[in-house]
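Quick note: residue numbers are just sequence positions, from 1. Just so it is clear, the model here is predicted, and its values are computed rather than measured.
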Amino acid sequence: QVQLVESGGGLVQAGGSLRLSCAASGRTFNSSIMGWFRQPPGKEREFVGAITWGGGRIIYADSVKGRFTISRDNTKNTVYLQMNSLKPEDTDVYYCVADRTYLGRLANEYDYWGQGTQVTVSS
């Protein structure tokens, strides 16, 4: 099993930046793929981005491309989401996810989920 713990959420003004972190523990060899989803109020969870083990392939949702950057530090078993130029519509609970093999854009393609961290962007 893999345990994922997010941190770094909070309140920020529009145009500002936040960096989310997600630390993995347990059977971390099952977290070759790590990434992020978010859940707007009253809507389904939506894909933000994901990264492969070596960082050779990174995919993003169109809504965040150019503003958000995913990276990972495997010596720390940690994945990061650097969020710049934040907009009020980025206000969501952000979830860290992990999977053993598949780099996907659908929530049901990921086996492991964190508890989420709240990001609020004021207008």
Side-chain angles (χ1 to χ4, degrees):
Q1 293 297 110
V2 176
Q3 291 75 233
L4 304 172
V5 180
E6 303 98 334
S7 62
L11 175 64
V12 65
Q13 294 182 346
S17 298
L18 284 174
R19 190 179 76 158
L20 306 183
S21 299
C22 173
S25 61
R27 301 170 70 88
T28 55
F29 56 84
N30 286 328
S31 59
S32 295
I33 309 299
M34 297 187 71
W36 297 89
F37 281 75
R38 65 187 184 183
Q39 187 168 27
K43 296 184 178 181
E44 298 292 323
R45 294 179 179 180
E46 65 179 13
F47 179 73
V48 175
I51 185 171
T52 56
W53 174 263
R57 187 180 178 194
I58 306 172
I59 58 175
Y60 297 98
D62 289 341
S63 60
V64 306
K65 193 175 300 181
R67 298 189 298 121
F68 292 9
T69 302
I70 293 174
S71 61
R72 66 190 295 169
D73 183 347
N74 292 333
T75 67
K76 300 178 180 179
N77 295 318
T78 299
V79 65
Y80 304 96
L81 181 66
Q82 178 66 48
M83 304 185 293
N84 299 325
S85 301
L86 283 162
K87 305 174 181 179
E89 51 262 44
D90 295 320
T91 295
D92 291 308
V93 176
Y94 284 72
Y95 296 89
C96 179
V97 299
D99 190 75
R100 186 173 182 179
T101 58
Y102 188 69
L103 183 68
R105 296 176 178 269
L106 301 178
N108 63 10
E109 294 170 334
Y110 289 88
D111 291 328
Y112 304 103
W113 290 74
Q115 293 297 309
T117 186
Q118 177 69 48
V119 172
T120 302
V121 183
S122 62
S123 60

In residues 10-21, what donor-acceptor pairs under 3.5 Å come from side-chain atoms, sequence neighbours left out?
unit_1: S17; atom_1: OG; unit_2: N84; atom_2: OD1; d: 2.8

Heavy-atom side-chain contact between S71 and Q82 under 4.5 Å |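 The answer is no, as the side chains (C-beta and beyond) never meet within the 4.5 Å cut-off.
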State, yes or no, whether a side-chain contact exists between T52 and I33 at a heavy-atom distance under 4.5 Å.
->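 Yes, close enough: below the 4.5 Å cut-off.
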Side chains of residues 56-66: which donor-acceptor partners sit under 3.5 Å, not counting sequence neighbours?
unit_1: Y60; atom_1: OH; unit_2: I70; atom_2: N; d: 2.9
unit_1: D62; atom_1: OD1; unit_2: K65; atom_2: NZ; d: 3.3
unit_1: S63; atom_1: OG; unit_2: R38; atom_2: NH2; d: 3.4

Would you confirm whether [X], through its side chain, and [Y], through its main-chain N or O, come within 3.5 Å as a donor-acceptor pair?
X: D90; Y: V119; result: no
X: E6; Y: C96; result: yes
X: T120; Y: T91; result: no
X: Q39; Y: D92; result: no

Atom [atom1] in [X], atom [atom2] in [Y]: separation rounded to 0.5 Å?
X: Y112; Y: M34; atom1: OH; atom2: CE; answer: 12.0 Å
X: F68; Y: L86; atom1: CZ; atom2: CG; answer: 5.0 Å
X: Y110; Y: S31; atom1: OH; atom2: OG; answer: 12.0 Å
X: Q3; Y: T28; atom1: CD; atom2: OG1; answer: 10.0 Å
X: I51; Y: S32; atom1: CD1; atom2: OG; answer: 12.0 Å

Only pairs at least two apart or in different chains count here, so list each salt bridge (Lys or Arg N to Asp or Glu O under 4.0 Å) that has a residue in residues 99-123.
->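 For residues 99-123: none.
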Side chain to side chain contact (heavy atoms under 4.5 Å, CB included) evaluation trace for Y95 with L4 | CA-CA 9 Å; Y95 296 89; L4 304 172; over 6 Å; no
Identify the residue among W36, Y94, F37 that makes a ring-ring contact (aromatic ring centres under 6.0 Å, His included) with W113.
->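 Exactly one option meets the ring-ring contact (aromatic ring centres under 6.0 Å, His included) with W113, and it is F37.
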